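Here the structure is a predicted model, which is why all the values come from computation and not from measurement. The chains referred to below are lettered A, B, ... by the order of the sequence lines, with proteins before strands, and numbering in each begins at 1.
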There are 2 protein chains.
Amino acid sequence: MPPRPGLSKAELEIARIVWELKDAGVRQVFEALPPGRDIDFATVQTYLRRLEEKGYLNVRLEGRSRVYSPKVRPQTVIRETVGEMVDLLFGGETMPLMKHLVEERKFSSGDIEQLRELLDRLEGGSDEK
Amino acid sequence: MPPRPGLSKAELEIARIVWELKDAGVRQVFEALPPGRDIDFATVQTYLRRLEEKGYLNVRLEGRSRVYSPKVRPQTVIRETVGEMVDLLFGGETMPLMKHLVEERKFSSGDIEQLRELLDRLEGGSDEK
DNA sequence: TTGACACAATTACAAATGTAATCCTACAGT
DNA sequence: ACTGTAGGATTACATTTGTAATTGTGTCAA
């Protein structure tokens with residue numbers, strides 16, 4: 001299954017909104033844009049159409065307007081996007097990315113605690129490399 | 001300082017090679033491509049030129065050929081690229097990405113150990129959120 | 001000397017992307 | 001009925017990206 005064409009940045013931004021709204025028309029997506037994100041209504045329409053063409057969204061007609069809904073789960077898109085990034089930036093190795101994140105981004109002590117727990121859970125579990 | 005235009009995937013691939021070679025002409029970069037990566041010599045030339053135009057590489061003339069060298073450190077590009085990805089995919093939150101990575105990618109027990117150490121080092125250190 | 005290469009520089013081009021102008025039409029009001 | 005308008009569908013377009021065809025030029029073999 002060759003997944004489907006990749007998402008562009010702008011498309012990803014819009015896809016995230018649809019995931020959140022679950023089911024939405026152009027207007028709703030448009031209004032859900034973060035304030036300050038100055039982008040035209042018609043532009044949002046284009047992104048939604050492309051998202052549908054690429055197979056990321058379902059669409060149905062409601063009266064004379066189109067209503068979009070997620071077709072591919074965020075999980076999936078995240079896996080693909082992150083995977084590609086790891087390939088491109090680190091030759092496919094996950095550890096260098098982990099190291100980068102831990103060292104360069106900020107974490108609260110609560111975050112660190114959570115991370116330890118995640119690691120603990122791994123050890124017991126069945127997911128060995 | 002609006003960094004500089006972003007890197008495209010193909011450009012990033014080439015940039016990585018230049019980082020590794022430290023200093024290289026088109027031919028060398030071309031030959032350093034992983035076997036199987038079927039791409040034309042002229043295509044590599046184009047990427048190198050664009051990398052230079054965008055400010056990621058330095059270039060000097062050596063006889064009648066151009067020799068490229070890194071101008072921006074990998075660290076910097078990585079920080080920018082990862083940062084953008086976190087914004088796009090997780091609204092700027094690092095933790096969801098960490099969680100995703102820990103749960104979805106594979107780690108050896110050695111890796112896990114290393115990660116624990118990284119976290120330990122953080123706690124003592126001065127980098128609080 | 002004279003081509004014929006080997007190499008690298010230039011130029012070209014189609015597809016993807018970011019963004020919006022334009023077009024269509026049901027409806028509210030006169 | 002007629003018309004301006006709001007909301008949405010279409011079409012358009014410049015830029016960026018992936019990729020390569022072309023073009024220019026020293027160099028060496030005949």
Note to self: With a 4.0 Å limit, can you tell me whether B:R37 has a side-chain N or O closer than that to the phosphate oxygens OP1/OP2 of D:dT19?
What the structure shows: yes

Margin query: Using whole Å, what does the distance between atom C1' of nucleotide D:dG8 and atom CG of A:L48 come to?
Written below: 12 Å

Notebook entry, point to check: Near DNA chain D, under 4.0 Å by heavy atom, which residues of residues 12-27 of chain A?
Noted result: A:V26, A:R27

Checklist line | Spacing of A:R37 atom CZ and A:E13 atom CD [to the nearest 0.5 Å] | finding: 4.0 Å

Check: Side chains of A:L122 and A:L118: does their closest heavy-atom pair fall under 4.5 Å?
Finding: no

Next item on the list: Using whole Å, report how far CZ of B:R50 lies from P of D:dT15.
Entry: 15 Å

Check: In terms of the nearest nucleotide of DNA chain D, which residue is placed more toward the 5' end: B:A42 or B:Y47?
Finding: B:Y47

Note to self: Using whole Å, what does the distance between atom P of nucleotide D:dG18 and atom CD of A:E84 come to?
What the structure shows: 10 Å

Check: To the nearest angstrom, how far is B:R4 atom CZ from D:dT16 atom P?
Finding: 17 Å

Check: B:T43 side chain N/O closer than 4.0 Å to the phosphate oxygens (OP1, OP2) of D:dA20?
Finding: yes

Check: Does B:E52 pair with B:R50 as a salt bridge, N-O distance under 4.0 Å?
Finding: no

Check: Between atom NZ in A:K9 and atom C1' in D:dT16, what is the gap in whole Å?
Finding: 11 Å

Next item on the list: Using a cut-off of strictly less than 4.0 Å between a heavy atom of the residue and any atom of DNA chain D, enumerate the qualifying residues of residues 54-67 of chain A by number.
Entry: A:R64, A:S65, A:R66

Item checked: Salt bridge present between A:E11 and A:R16 (N-O < 4.0 angstrom) -> no

Next item on the list: Identify whether any heavy atom of B:A10 sits under 4.0 Å from a base atom; if not, whether one sits that close to sugar-phosphate; answer base, sugar-phosphate or nothing.
Entry: sugar-phosphate

Check: Taking for each residue the nucleotide of DNA chain C bearing the nearest heavy atom, is the 5' side occupied by B:Y68 or by A:G6?
Finding: B:Y68

Notebook entry, point to check: Is the closest side-chain heavy-atom distance between A:F41 and A:R27 below 4.5 Å?
Noted result: yes

Check: Does a side-chain N-to-carboxylate-O contact under 4.0 Å join A:K9 and B:E84?
Finding: yes

Notebook entry, point to check: Any side-chain N or O of A:Q45 less than 4.0 Å from the OP1 or OP2 oxygen of D:dG8?
Noted result: no

Check: So if you build clusters from Ile, Leu, Val, Met, Phe, Trp, Tyr with side-chain heavy-atom gaps below 4.5 Å, do A:F90 and A:I78 land together?
Finding: yes

Margin query: Salt bridge or not between A:R4 and A:E80? Use side-chain N to carboxylate O under 4.0 Å.
Written below: yes

Item checked: Approximate separation, where rounding is to 0.5 Å, of A:K99 NZ and A:E103 CD -> 3.5 Å

Next item on the list: Give me the first and last nucleotide of DNA chain C, going 5' to 3', that has any atom under 4.0 Å from a heavy atom of chain A.
Entry: C:dT17 to C:dA26

Next item on the list: Working to the nearest 0.5 Å, report the span between OH of B:Y56 and CG of B:L51.
Entry: 8.5 Å

Note to self: Using OP1 and OP2 only, check whether a side-chain N or O of A:T46 sits under 4.0 Å from D:dT10.
What the structure shows: no

Item checked: Path from B:L88 to A:V18 over hydrophobic side-chain contacts below 4.5 Å -> yes

Checklist line | CD-CG distance between A:Q28 and A:D23, expressed to the nearest 0.5 angstrom | finding: 8.0 Å

